[in-house]
Amino acid sequence: MSNQVYPKDKEILPGLQIEKVDDRIMTLNVGPQHPGSGHMRIIIKVDGDYIVHTDPDPGYVHRGEEKMAEYRNYITNIPHLERPVIHDSCNILYPYCLGVEELLGLEVPERAKYLRVIAAELNRCVYIEYWLAIYGIFLGHSTMFMWPVGDRELLIDLLDKMTGARVTHAYFVPGGVRNDVPPNFEDVCLRQVNYFEKRLKEYADVFYDNPILISRTKDTGVLSREDAIKLGTTGSVLRASGVDFDIRKKEPYDVYEELDFQTSVLKEGDSYARSKIPWLDMFESCKIIRNALKKMPKSGSVRVKLKPKPKGEDTEVYRRVESGRGALGMHIVSRGTPQPYRLKISVPSFRNLIAMPHLLTGEKLGNMPAVYWSLNYWPVEADR
Amino acid sequence: MGTASGIIKALNSGVKHIATKRFTFRYPEQKLKFVGDGYQYDPDSGVGIAGYKGRHILFHDKCTGCQLCSIACEDIAEAIAMPKVEEEWKHNKKAIMPQIDYGKCVFCGLCVDACPFYALYMTNDYELSSFTKEGLIYTPAQLQVKPKVDQDVEIQIDEKGAKHG
């Protein structure tokens, strides 16, 4: 023990934390290897059982999506741009396609707009079910892991029939969608979505009305309405704090303004409210899908024919959509070449991560998983 | 009292599922059924035909060796090479045809969209694992073979619940 050499204070290596024996504060590294934390690290300082300082450390899965987009043309960008969120791949391609359509001046056929809305809503449910499953297992509720993963299969089956792939669909293209749906898809979709909605109602008894869940999540990590706005949070985090902001309502894209749905808002702003908003969103998604299937034109073109390497004008566009996590925007700068000059992805996960130090400071360490995953945060998307 | 009744309600909702048939199915013995014969593309109308995006199928009597599929893949996965084939075709003077490396392919199907001669489609075959990296490279002769698939399991929904059958 005595001959062990410690570096002097000035020579301490970056990332190496050394504590004195009589120090009350202890530093904990949550992640990046822990499978629950999902490829990111949270550096937490605890005083006994209470968190006194939180420092989220993302960036472990940075892939350079934005730089990669500058070397590929508007069509070959599609497969790699959906990789940050493979469970929500339709919604991450949505703003890109809307932006490129505006750049190239394309008019999307009416049937393609409805198909896009159906695919986006199915994908939102797939993402939320996956998120909910992880939230369940984070809180030690293994039934809530099995049920969403099983029910997710109903929607994956529909997306598989529609797009030809179970995850990474590459279904949206500038100018419409890749292919029309197979015959009698409407009946199958209606049947499975109705059954899915019936199953969602069963989650209330086992999870949302469960006193054990309520005792763990109620009044933990409270984010007030003012703080939610000030910190720039978005999506379910913002709506759980009582701000009614949904891009589908505020800036309707494609055919959302013709469809009948409400946004779900809760006032509490705690982890329980944040975990409940996505579940309520899924009911609205089922409503939108049924509504869109009814209003969709029965036949017609679904895709505009494009030149092999379309060129945009010398301009820039910004379009955003409501993804499973919140507002997802893409800023595309075009300089008259087949490739975008610059593509900036504004991701909701990163915006919600900003709220984490604010929420965790002062909480008990045991509440950390309940607060962390309720932020609807996807590390791979935040790093892009 | 509220806590106790809540826990009993939660347990009860789980217990109800003991008697129902399970939703999962035995994968290697049973396989999920897909729509159609795989993803296809109609270059005349410029729209695809819905289907599963699995392993490709190449029609030697239609492929002209134009390399458009290889060019389409260039910025995506670089999975398609164009080697020489021994057969001689009147419509394929260069005698080159696509060879696909499934270690690189991302199954986006944009090569199918690029083919103007109805020569490259995708199939329902997704079991492509191999012990070697070379085993993942499919030559034009291997791509020509129509895969044997026995996929018959579908989701069935009745009042008792959903199951694969």
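Letters A, B, ... mirror the listed sequences (proteins, then strands); counts begin at 1.
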- line: Answer key: most heavy-atom pairs under 4.5 Å with chain A among B:A50, B:G46, B:G109 is B:A50

- request: Could you have a look at B:G14, B:A162, B:C73 and say which one has the most heavy-atom pairs with chain A under 4.5 angstrom?
  value: B:A162

Please state whether the side chain, the backbone, both or neither of [X] comes within less than 4.5 Å of a heavy atom of chain B.
X      : answer
A:I75  : both
A:M68  : neither
A:I214 : neither

message: For B:V106 versus A:P79, what's the shortest heavy-atom pair and its separation?
response: CG2-CB, 4.4 Å

message: Heavy-atom cut-off 4.5 Å, strictly under: side chain, backbone, both or neither for B:L110 against chain A?
response: both

field: Region of B:L32 that comes under 4.5 Å of a non-hydrogen atom in chain A
entry: side chain

Please tabulate the donor-acceptor pairs under 3.5 angstrom that span chain A and chain B, backbone and side chains included.
residue	atom	partner	partner atom	Å
A:R72	NE	B:D75	O	2.7
A:T163	O	B:K53	NZ	3.0
A:G164	O	B:K53	N	2.8
A:H169	O	B:K53	NZ	2.9
A:R178	O	B:G48	N	2.9
A:R178	NE	B:Y39	OH	3.4
A:R178	NE	B:D113	OD2	2.8
A:R178	NH1	B:C108	O	3.1
A:R178	NH2	B:C108	O	2.8
A:R178	NH2	B:G109	O	3.1
A:Y195	OH	B:A162	N	3.1
A:R199	NH1	B:H17	NE2	3.4
A:E202	OE1	B:H17	NE2	2.8
A:R303	NH1	B:D113	OD2	3.1
A:K305	NZ	B:P43	O	3.0
A:K305	NZ	B:D44	O	3.4

statement: Residue set satisfying side-chain contact (heavy atoms from CB on, under 4.5 Å) with B:A114, at least two apart, ordered chain then number -> B:A72

